[in-house]
Protein chains: 8
Amino acid sequence: MSNFQFDWERESRTGTAEAVLCVGKTDEQIAAIANLAIRDDRRLLLTRLRPGQVKALPAPVLTRLDYDPISSTAILGALAPEDSLTGGALVVAAGTADLSVAKEAARTLAFHGYAAPLIVDVGVAGLWRLMAHLGALRAARVLIVVAGMEGALFSVVAGLVEAPVIALPSSVGYGVSAKGRAALSSALASCAPGVLTVNIDNGFGAAVAAIKILRIGTLPKL
Amino acid sequence: MSNFQFDWERESRTGTAEAVLCVGKTDEQIAAIANLAIRDDRRLLLTRLRPGQVKALPAPVLTRLDYDPISSTAILGALAPEDSLTGGALVVAAGTADLSVAKEAARTLAFHGYAAPLIVDVGVAGLWRLMAHLGALRAARVLIVVAGMEGALFSVVAGLVEAPVIALPSSVGYGVSAKGRAALSSALASCAPGVLTVNIDNGFGAAVAAIKILRIGTLPKL
Amino acid sequence: MSNFQFDWERESRTGTAEAVLCVGKTDEQIAAIANLAIRDDRRLLLTRLRPGQVKALPAPVLTRLDYDPISSTAILGALAPEDSLTGGALVVAAGTADLSVAKEAARTLAFHGYAAPLIVDVGVAGLWRLMAHLGALRAARVLIVVAGMEGALFSVVAGLVEAPVIALPSSVGYGVSAKGRAALSSALASCAPGVLTVNIDNGFGAAVAAIKILRIGTLPKL
Amino acid sequence: MSNFQFDWERESRTGTAEAVLCVGKTDEQIAAIANLAIRDDRRLLLTRLRPGQVKALPAPVLTRLDYDPISSTAILGALAPEDSLTGGALVVAAGTADLSVAKEAARTLAFHGYAAPLIVDVGVAGLWRLMAHLGALRAARVLIVVAGMEGALFSVVAGLVEAPVIALPSSVGYGVSAKGRAALSSALASCAPGVLTVNIDNGFGAAVAAIKILRIGTLPKL
Amino acid sequence: MSNFQFDWERESRTGTAEAVLCVGKTDEQIAAIANLAIRDDRRLLLTRLRPGQVKALPAPVLTRLDYDPISSTAILGALAPEDSLTGGALVVAAGTADLSVAKEAARTLAFHGYAAPLIVDVGVAGLWRLMAHLGALRAARVLIVVAGMEGALFSVVAGLVEAPVIALPSSVGYGVSAKGRAALSSALASCAPGVLTVNIDNGFGAAVAAIKILRIGTLPKL
Amino acid sequence: MSNFQFDWERESRTGTAEAVLCVGKTDEQIAAIANLAIRDDRRLLLTRLRPGQVKALPAPVLTRLDYDPISSTAILGALAPEDSLTGGALVVAAGTADLSVAKEAARTLAFHGYAAPLIVDVGVAGLWRLMAHLGALRAARVLIVVAGMEGALFSVVAGLVEAPVIALPSSVGYGVSAKGRAALSSALASCAPGVLTVNIDNGFGAAVAAIKILRIGTLPKL
Amino acid sequence: MSNFQFDWERESRTGTAEAVLCVGKTDEQIAAIANLAIRDDRRLLLTRLRPGQVKALPAPVLTRLDYDPISSTAILGALAPEDSLTGGALVVAAGTADLSVAKEAARTLAFHGYAAPLIVDVGVAGLWRLMAHLGALRAARVLIVVAGMEGALFSVVAGLVEAPVIALPSSVGYGVSAKGRAALSSALASCAPGVLTVNIDNGFGAAVAAIKILRIGTLPKL
Amino acid sequence: MSNFQFDWERESRTGTAEAVLCVGKTDEQIAAIANLAIRDDRRLLLTRLRPGQVKALPAPVLTRLDYDPISSTAILGALAPEDSLTGGALVVAAGTADLSVAKEAARTLAFHGYAAPLIVDVGVAGLWRLMAHLGALRAARVLIVVAGMEGALFSVVAGLVEAPVIALPSSVGYGVSAKGRAALSSALASCAPGVLTVNIDNGFGAAVAAIKILRIGTLPKL
């Protein structure tokens, strides 16, 4: 698709690199974008890339691609070594069904050079599971909390820590919580002040926001 | 309104007495109902009775009326003495703004002869406030939990106790939680299994359900 | 999935055992959870387990599994003999299309040692069908009423019995009742006081709540 | 308002006379319309006419006006004597709070020359109240059933009679049934086949439809 | 499914025969119901029967079955000869995409012995197409009007005829009219008084209501 | 309010002058804006200006103000003489209750120098009322059609004319059409191709769009 | 489908030719319509025609068909040569995922003889991409702006140009923007006055409206 | 209200002090809370405090109170001197109608010791107004962007800066943007990655989140 315009300057302008949301794009469009990145020698993050779309990619793209089927993300180009990553972020997920969204966030952090430790299966119906991680929760500089269903985890975590909490509602649930609606409402209506929200299943956006927040720690003190 | 039909047999049939929801009724209709109850020498619970409606009642009704402006409930006829009330129920409310709904539940319990201790201001943003009451929470046979906003309290309480939890969403909130919608969704979508829900602000219904549940403790063992 | 944390203490803490909701979990995650249960010699209830997911389970799990395709539930480990089950609960379903949800509730009751007699096809459009069961309805200590479409059955049953009624809206319907929304609203807005509601299609939750209620009959009298 | 165009031919074309919905009209517009009717010597039905609007009417209109504050309807011109009215219709209302809507329907029937007997306070939470009227219900040729809250009455009545049932949802209720939404959904999703619905609180429309249906009884047999 | 209870008395009680909604029923349940009808020598109407479900039926059922794939309806047992059908009803559909719903109504009428002439492709964007049928429209005793998208046809037809109009919103549309929501709202909010509505795509219900209305023409004059 | 920034260049940039929406502004803010306009010798259109807000304006503003209470619009500065206005636009309103919105559009047209003839009370329930104006409808270069309730008028008018139709849904209605939702859906879902829509009650926006369209007639031919 | 009525006069009456929306039509119905057009020697535009439906068309239709899989449109009959097309319209799309909708609009314009240059990938997150096209944006006489997600592009473009802007919300997005709802709301609520909206994904309707607007430039000056 | 429990430790635990949301609290409750704060010698922020509630406060509270009617906030106790405030935050509001929400955020920042410069009237319909502030926008470490209506400003600002953007949707608007729904959707669906959202009109929450983010700049570098 020759219409596509890369925004390679985005990184210098907004602090995070261009990524490609693959939903609604044809196989041809995705291949063209990936080829462009290879041609320009750029790293690229692809999100919401289904396995069928991966298979349709041309060989030169596939060999350069690190694909994770759980999060449906792919990274074109090298990842920084684990021990070179910047710390400060923490991803907390209520249940195993939230893993795909949590890992989209974690992979986005890693792509940009940030470590993304993951705590899973700490739903509020068994508070002790969450409390066992209290030290890690309080040590983080920014937290991404993933939850579907009723999303009570957002408020509970935010009540326990000083750092900003990014609520990432997942589309896990049925009935009134189908498609993440109940979890989203809980994030926005949280009684714990200072909870911030992104769109349902938007692991990429949550990670980009976390990166922008962590960067503040690298600026000169006011 | 001569059309009104009292269901005095409801108590024997369903176990709880008739009550009168005053919303949408004219002053004349409420007075007629109250007079009927006095004539038939029956006790009566009136809910959602606004102060203006109270003022419009005839003197013989007013002198027999115990009106509570916070819960907008009125009881016509005598209340059982405090120390004769049956225990087992507990009403827990997230914040002071939930008090009107919580007290509608508590007054309905008292009208039917059940004690209704009240714990208020235990929102999950400060978990320690709730934890300070853990003994009382676990001692209750049935809990009515009142919360507006994101309603995270329902899941947290239900994860701490063995007894059945009746979630009573209140219309406290604004934006996505306006009119209790977010709290209702959280109650229904709770990740803590076995949470039961009633309509938004339905303190009367929550109390009637609690009474039906407590009665099971009086039946012969299976 | 090594992230998964079993909450084996849930039973002693909240009175009902851990169950696994299989929606949104990968085949690998379900197999890992089942293997953990076998290793720890625990019984396990799996809900919303699709036939395709059953087929993907490893043989040692499959041979220990009692799978019911109508309710999409599976029980790992032995079921108590029919005549040892505790009575008191009754499941009432409006139509045959509600059976999958009704049986999820019934299977959950049986897994926990409670009998779950089932009355089906008693929609209010032919009241005599319901009235034929009046004796059984009034004998129950707690009723789970399953209905989709307009959910009128909740109010009608609740008007006939003294026991608490748990309304379980099913996603049977189309147009305005698609996905159970109309039935859910009817449950919450019931004119029969004391109706309690769970999320749409939440047979598991309705059963857990019923068990918590029945347990009150085993506590010392107040 | 000189822009207003009377549709005096509507009666001959569609079988029912013009009526004026007063919501959203200024006092001047209502007065102008009423004066036009008087000038042309026409009878007129005014609906949703608030008391304040009545007071603002000029004296020559007021003296010709039969105003009913419960239904907020006014009739300009003579009403047919009670015993000259055509029978066949029956209006059934769940509770006293539904009376304003029920009477809008009844007044519209009377304005057009049809009798409109009214049965009130027959909610399904006490089925025996409804069953006491079974004879009248089955004798009617067309029934208008008014209910708010969960609107279970529509299905129950439709299951008992052969005649067509017009469900008239009222805006009585709160929480999920606020503004009549739950009752409307129940009417549309009714499991009793052949229930017909009109808009929330549309007593006028329900009555006009009933009249069109009753007229079929006056046509030559097919 | 042995739980199924036929309501063979429904016809005498409510005037229309039992029909079976096949959505949400398993192949086994549908076969069992059909066998029951054959055993009891009853005619049966099956709605929302998908071709795949038809194929799964046992041979003795299939040979007695008249299946129409456009309306997804099947009739078990004989249909009355065309010229013996009672007249008076008319089905009007806005576009060819509405045919499946319109034919569900028409087949239901035919099953019960009523003729159901069909006028199609008369959307209001070309009024002359509708006006060409004005004679037929005005001759009908009851009209079923089918429309999706914005549903303007309901009001336009109702403004042209004296007979009652049953609006049958279809799920034809996309965007704001997806799943029939816009058409349903238009039906309920119609500015033409006396329009009656059924649920989206409920061709069966519209036909049953039409039959109940037509029957009034066979009763003794008041 | 010194924060306010006038966009006097908007007219040259976008072709229509700045206007001030008065909802949500304090009396002080409106006065400050009006004074700024007088100081800079600019004409100004104020919309949604309630009578109470008018009274609170300072005398120098009031004497220069042409206020219309039906449309709640005010014009500061001189209006062009009637016979100097440019023609081509036509405003059509379904009922008298739509007049306030229709006149907001008409006043906005007049403020910008365009004639705005008004046709009222032509709802589709009486098609002949609309047809009587067919000549005027077909002569217009652009039509603004105002309707609330079910909004069928949009499609009917668009099916009769060649010119672009701007649907302007009004908040006239109740139940499902409350706040203009049903009319808005009908506008967007219209089966008449080429209907364009603006927000509910947005008479100002409809007029600005009409002006932009009429301007095309003044550009050199392509 | 013999019921189908072609509206060949539509072009003379409303200025744009008949088109066929293929969603919800059977293969037989589409073939019948295409054959009718060939018989009557008419050009035809088919929209929302899926590849599977194309394959099912009879050979004589297929050989005359120009099918575009991205926009799912097909043109039966000859297209005017590129250099004979009338100019003035411009289609602007936020991202490549919006291309299918944008091309439905462009193909509809081309079918009617209008040029439809396309600018893609100019989302507001990188304003400079849009600003690079400022000349083309301001030269257009009418703009169709396509955007999904939050639809901010509508307001930004409308603030930059004098010409009328038709907002065409696309169903690109997820979570709160799923199915185009957020983009549609942004179009209707735009703070840039004079934005006009069509239904979600309605590329055909946007193009027809643009054509009606461009035609004004061919009328005699007022 | 003796039930109220102050959470004076919140500041040390979560980094921001307790504040009191006054909506839904009685005059007595607010006075009691204020007296408690005075007794314990604590500063207090009160939000959503209506002028009528201010008047009802006892004199000792009133004399210590700094009340701002535009934002409906009150501060009990001393404010830090302007030049001692920490910088880094910036509040940007689309229009003057958004000022009340913007100032709730600014006052909350000031209460906690942070400077809160305010840029107003920079809606995207006139991009140049926003661009004039590009330097200030890019210098901020965290931005709170307030917008109602379609909320396009969130995406445009986020595309221009590196710092995290907190979108604060305001309830300014009507029709589809009534009560802030359209603006909220735009914030969540923003095409500019990394936009964070809070509930509609939640100026307090946005400010608390901004403070938590700014604090990161004071932590030791990673």
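By convention in this document, chain letters (A, B, ...) are assigned in the order of the sequence lines, proteins followed by strands, and residues within each chain are numbered from 1.
Residues Val120(B) and Leu99(B) are in side-chain contact: their nearest non-hydrogen atoms beyond the backbone lie under 4.5 Å apart. The closest side-chain heavy-atom distance from Ile30(B) to Leu57(B) is below 4.5 Å.
Ranked by heavy-atom pairs under 4.5 Å with chain A, the first of Leu184(B), Val176(B), Val157(B), Leu188(B) is Val176(B). Residue with the most contacts toward chain A among Ser177(B), Ser155(B), Ala182(B): Ser155(B) (heavy-atom pairs, distance under 4.5 Å). With respect to chain A, the highest number of heavy-atom pairs below 4.5 Å among Gly173(B), Ala192(B), Ser190(B) belongs to Ser190(B). Between chain A and the options Ser185(B), Ser186(B), Ala152(B), the largest number of non-hydrogen pairs under 4.5 Å is found for Ser186(B).
Salt-bridge check for Asp201(B) with Arg48(B): failed, with every basic side-chain N at 4.0 Å or more from each acidic carboxylate O.
The two residues Leu85(B) and Ala110(B) have their closest heavy-atom pair at CD2-O, 4.1 Å.
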